[in-house]
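Have a look at the structure below before the remarks.
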Amino acid sequence: MADVSPSNLADPTWWRRSVVYQIYPRSFRDSDGDGTGDLTGMTRSLSYLAALGVDAVWVSPWYPSPLADGGYDVSDYCDIDPRFGSLADAALFVDEAHGLGLRVLIDLVPNHASSDHPLFQAALAAPPGSPERDLFIFRDGRGRGGDEPPTNWGSIFGGSAWERVIDAQGRPEQWYCHMFAPEQPDWNWENPAVAEMFDKVIRFWLDRGIDGLRIDVADSMVKDSSFPDTPLNEKTGFGTAGKYAGHPFWDQPGVERIHHRWRAIADSYASTPLGPRVFVSEAHMNPAERLVKYVAPGRLHTTFNFDHLWCQWTASSQRAMIQTILRVHAEVGAPPTWVIGNHDTTRVVTRYGKPETGWRFLPEGVHPEDERKFAQYFAPLPTDVALGRQRARAAALLELALPGVPYIYQGDELGLPEVEDLPVEALQDPTWERSGHTIRGRDGCRVPLPWSGDEPPYGFGPGTGQPWLPQPPTWADLSVAAQTGDPGSHLELYRSALAERHHNPALGDGSLTWDDTPGEVLSFTREPGFRCIVNFGDEPVPLPDNSWLILASGDVSAGVPRDTAVWLSL
Ligand code: GLC
Ligand code: MG
């Protein structure tokens, strides 16, 4: 077992270097055989995570939810979905995680609720102009009879961002705003009661020993109160959601004030045994100079680096992305994060096995706002899974060698591919319906994990009950049990790399120096005495003299071949 670091709990700067493992609770581990992952399954698997060598976990939403958007539609912010367990189960999970030295982050979803939330139901039942309605964003429609939506805004999942209310007599009346699915009405952050409610929600969880919060769409809460249309996107027929400066629902000035307010709450826990609590921002923001405004002093602590997630697997793109991210973060004094997978994106093994490996390949004319529909353009391209896995191994060593905070999405340590051929009857992502069955959406990266055994459910749950999304019949060799002890496996590569991170003072927070290498090779040194080399070219790279091999993502007996990374001790 790799050594765990209970010292992680003693160190208030843990968030500057910790490796964070993302748990998507529905798909992690099922203890009761209902086909849905749960908290007891998570708690029982904590020893797996500690032995893997991560320092923290981030748990995607575990709140009561109708699961219209996989739990990002919250109907009670201060409870646990009964399918996942109870508040007592959550307390046990947090205690056991802390006992193993693991920090715990959870998701906070402040932009929108579930349409099942009692306050939204009360708003629907109350008349236009009522205080109940003012907690959400209700507006009269435009045109004759108010039949047109109040603005031309499009929802991120497709269609209009406005849904019309039908009253008890069946008559259409006002519209409400939902930037995501209609089952996710947006809160009205202009109303002080909303901010006060979220202050309480944050304290509720921090009082229960949660170490930090991942802020869902951290750039979206505030809308321009004049509700202007945005320039038409001809392709969607709706106003553009592209994040130009001054866009009416992205990155409005009021967002910063909300972040400062939250930061003060997190800092007020400084004298508790767990120390100050932390935030990670989920905001897709370009260019990187704009992204790091979210982690300026006094604001949030870290922010997801989506430039990494969508960067092409080429030496020039990776080098440019890393250099920019390091530079802009250094300017604000925040540690960068590194992200090659999450529950919203085609799995890295599949992405890197495509002839095009980053979002920059999007066809001519596709607006950056369609980034989210990346998978639509990506899916038809053929996948070479063996190549993708080889590159994903190299990418893992690269990620874990960089200064800052790496995120590992559950299953990426197993090298799971995207399940691109889920039967359409199984698809649950709202994107599938809202795109008129043209975009399959994000279910392919959410298929439950294989733990052991030769056939589904591969130990995901007890017995033979099948999980909520079907697992491929070909995953036996990818299970945790099958990979454990196999030195060539994806899992053992991750375990070795994470164990090295715990021992090696050069890894974690800090800086790097680029080595002088040919353009197709990335090579950097970190003090004391550590080097990472990644070869993207055909010419094998000889190992430098007077260096000792720590780890390699492939066979380096004749130098470092293409799509391979090494860690060296100098
Ligand atoms: C974030 C989540 C995604 C969710 C969306 C709306 O992007 O990662 O899963 O659909 O926010 O909450
Ligand atoms: Mg279950």
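Counting starts at 1 for both ligands and their atoms, following the listed order. As a basis for the values below, the full set of heavy atoms in this structure was taken, side chains included, without hydrogen atoms, waters or symmetry mates.
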Task: Validation row, ring centre W189 to ring centre F198 under 6.0 Å - done: yes
TODO: With heavy atoms of R214 as the reference, note each atom of ligand 1 found under 4.0 Å away.
DONE: 2 (C), 8 (O)
Task: Nearest candidate to atom 3 (C) of ligand 1, where distance is taken over non-hydrogen atoms, out of N342, D69, D344 - done: D344
TODO: May I ask you to list the atoms of ligand 1 that are less than 4.0 angstrom from any heavy atom of R442?
DONE: 3 (C), 4 (C), 9 (O), 10 (O)
Open item on the list: Parallel, tilted or perpendicular, judged at 30° and 60°: which one describes the rings of W205 and Y63?
Closed with: perpendicular
Open item on the list: If only side-chain N and O atoms count, and only distance matters, is there a donor-acceptor pair under 3.5 Å linking E433 with H437?
Closed with: yes
Task: Ion pair check, R44 and D38, cut-off under 4.0 Å - done: no
Open item on the list: Looking only at N, O or S atoms, which one in D32 sits nearest to the Mg ion (ligand 2)?
Closed with: OD1
Task: Heteroatom test (N, O or S) for T40 near the Mg ion (ligand 2), limit 2.8 Å - done: no
- [ ] Give the numbers and elements of all ligand 1 atoms closer than 4.0 Å to a heavy atom of R446.
- [x] 9 (O)
Open item on the list: Under the ring-ring contact (aromatic ring centres under 6.0 Å, His included) test against F136, which residue among Y176, W162, W187, W175 passes?
Closed with: W187
- [ ] With heavy atoms under 4.0 Å as the rule, classify the contact between M179 and ligand 1 as side chain, backbone, both or neither.
- [x] neither
TODO: Could you tell me which atoms of ligand 1, counted from 1 in the order shown, lie closer than 4.0 angstrom to a heavy atom of H112?
DONE: 6 (C), 12 (O)
Open item on the list: Can you see whether F279 has R214 sitting over its ring - NZ or CZ less than 6.0 Å from the centre and within 45° of the normal?
Closed with: no
Task: For H259, all residues meeting ring pair (Phe, Tyr, Trp, His ring centres under 6.0 Å), sequence neighbours excluded - done: W262, Y294
Open item on the list: Looking only at the side chains, is there a donor atom on one of T240 and N233 sitting less than 3.5 Å from an acceptor on the other?
Closed with: no
- [ ] Any atoms of ligand 1 less than 4.0 Å from a non-hydrogen atom of F157? List them with their elements.
- [x] 10 (O)
Open item on the list: Under 4.0 Å, heavy-atom basis, I'd like to know which part of H284 is in contact with ligand 1: side chain, backbone, both or neither.
Closed with: neither
Open item on the list: Heavy-atom pairs closer than 4.0 Å: do any link ligand 1 to the side chain of Y24, the backbone, both, or neither?
Closed with: neither
